[in-house]
Amino acid sequence: MKLATFNINGIKARIEALPAWLAEAKPDVVCLQEIKSVDEGFPREIFEDMGFAVETHGQKGFNGVAILSRLPLEDVVRGLPGDASDEQSRWIEATVIGESRSVRVCGLYLPNGNPAPGPKYDYKLAWMARMEARVAELLATEEPLAFCGDYNVIPQPEDAAKPAVWAEDALFLPQTRAAYRRIVNLGLTDAFRAVDQTPGRYSFWDYQAGAWERNNGIRIDHLLLSPQCADLLVTAGIDKAVRGLEKPSDHVPVWVELAL
DNA sequence: ATGCCCAATATAATTGGA
């Protein structure tokens, strides 16, 4: 089972590039971020016609997450538990029913948090604390879990072409990385790093200042696996070439192959 | 020190992104 995460930066803008990548890469399950669409505005028929079940958690203008799956989806949860007043659509969960076993897939779009310090950074840290609590809660089930998405966290200096530039940024501040490590240290495995420790593997290149042409990227899209899910890990990768295609997102897909 | 580029909104400047 091939499971991917892809921040598409707007479903309307990616209405050709996303189906093209799906046809080429043939993932079974995809977590999408930044659909920038309400549920009713998401073009679900395009993906249903390609054989995907479609579950969305949208929002007008910004944010918005979705799961596409060739396998059945059950028990969908929309929104990160822990704060009923949070109106931003950044979290969706569903159980993917495989032939031999199932995996709980959580798609997430973690807040950017800039500028830091400030209210947006406070929101990021509070959101990460809520995520930590939700991860702990799900880990107690001892089911295979995959937390897939745009974390807006650069975990290590080798995950940025120019780490010094990010020193004061909400994506790389010590507090951000510490909060990320607290989540990982609950017992999760960074699937990509489990199979590839090479420095300079990126998942995002800014549209500005020729970042793609200069390979000035960062790795901020991650798939974190619970122990029972990491046991199923076959391989993982980043579809870097997607960034160089026609009308690309600023992120590229990251994926894992699971023995599911 | 800031904008660069891109997407969405609701008109044309503004907001958010990372």
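Letters go in sequence order (proteins before strands), and every chain restarts at 1. This is a predicted model, so every value here is computed, not measured.
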Between B:dA7 and B:dA12 - C1' atom distance, rounded Å: 15 Å
Between A:R101 and A:E143, is there a side-chain N and carboxylate O pair less than 4.0 Å apart? no
Indicate whether OP1 or OP2 belonging to B:dA18 is found under 4.0 Å from a side-chain N or O atom of A:N7. yes
Could you tell me whether A:D150 contacts a base, only the sugar-phosphate backbone, or nothing, with contacts defined as non-hydrogen atoms closer than 4.0 Å? sugar-phosphate
Answer yes or no: side-chain N or O of A:N112 and base N or O of B:dA18 forming a donor-acceptor pair under 3.5 Å. yes
Result of checking A:L232, A:L233, A:V234 against A:V256 for side-chain contact (heavy atoms from CB on, under 4.5 Å): A:L233
Would you mind classifying the nucleic acid contact of A:A209 as base, sugar-phosphate or nothing, using non-hydrogen atoms under 4.0 angstrom? base
Quick one: do A:R134 and A:E93 make a salt bridge, cutoff under 4.0 Å? yes
Atom-pair distance (CG on A:N216; P on B:dC4), nearest Å: 17 Å
With rounding to whole Å, what would you report as the distance between B:dG3 and B:dT14 at their C1' atoms? 16 Å
For B:dA18, does either OP1 or OP2 sit under 4.0 Å from a side-chain N or O belonging to A:N114? no
A:L171 or A:I35, whichever maps to the more 5' nucleotide of DNA chain B: A:I35
Provide, to the nearest angstrom, the distance between the CG atom belonging to A:D159 and the C1' atom belonging to B:dA18. 15 Å
Pick the C1' atom in B:dT2 and in B:dA18, then give their distance to the nearest Å. 15 Å
Report which part of the nucleic acid A:R90 touches: base, sugar-phosphate, or nothing (heavy-atom distance under 4.0 Å, all strands). sugar-phosphate
In terms of side-chain heavy atoms of A:K36, which of B:dC4, B:dG17, B:dA7 is nearest? B:dA7
Would you mind reading off the distance between A:D206 atom CG and B:dA7 atom C1', rounded to a whole angstrom? 13 Å
Looking across every strand, which nucleic acid part, if any, lies under 4.0 Å from A:K247 by heavy atom: base, sugar-phosphate, or nothing? sugar-phosphate
Apply the side-chain contact (heavy atoms from CB on, under 4.5 Å) test between A:W255 and each candidate in A:V29, A:T5, A:V30, A:T235; give the one that qualifies. A:T235
I want to confirm an ordering. Mapping A:Q88 and A:Q208 to their closest nucleotides on DNA chain B, which one lands closer to the 5' end? A:Q208
Length of the CD-P vector between A:Q59 and B:dG17, whole Å: 10 Å
A:W205 and A:W212 aromatic ring geometry - parallel, tilted or perpendicular at 30°/60° bounds: perpendicular
Should the pair A:K247-A:E16 be classified as a salt bridge under the 4.0 Å nitrogen-to-oxygen rule? no
Reckon A:D169 touches a base, only the sugar-phosphate, or nothing at all at heavy-atom distances under 4.0 Å? nothing
Listed nucleotide nearest any side-chain atom of A:K60, set B:dT9, B:dA18, B:dG17: B:dT9
A:R70 to A:F52, cation-pi by 6.0 Å centre distance and 45° axis angle: yes
Phosphate contact (B:dA18 OP1 or OP2) by A:Y109 side-chain N/O below 4.0 Å: yes
Closest to the side chain of A:I218, out of B:dC6, B:dA18, B:dG16, is B:dA18
Mind calculating the distance between CG (A:L173) and C1' (B:dA18) to the nearest angstrom? 13 Å
Starting from P on B:dG16, measure out to CG on A:N152 and report it in whole angstrom. 15 Å
Integer angstrom distance from the C1' of B:dT15 to that of B:dA10: 12 Å
Output the rounded distance in Å from NE2 (A:H251) to C1' (B:dC6). 12 Å
Atom-to-atom span, CG of A:N63 to P of B:dA7 - whole angstrom: 17 Å
How far, in whole Å, is B:dG16 from B:dC4 if one measures between their C1' atoms? 16 Å
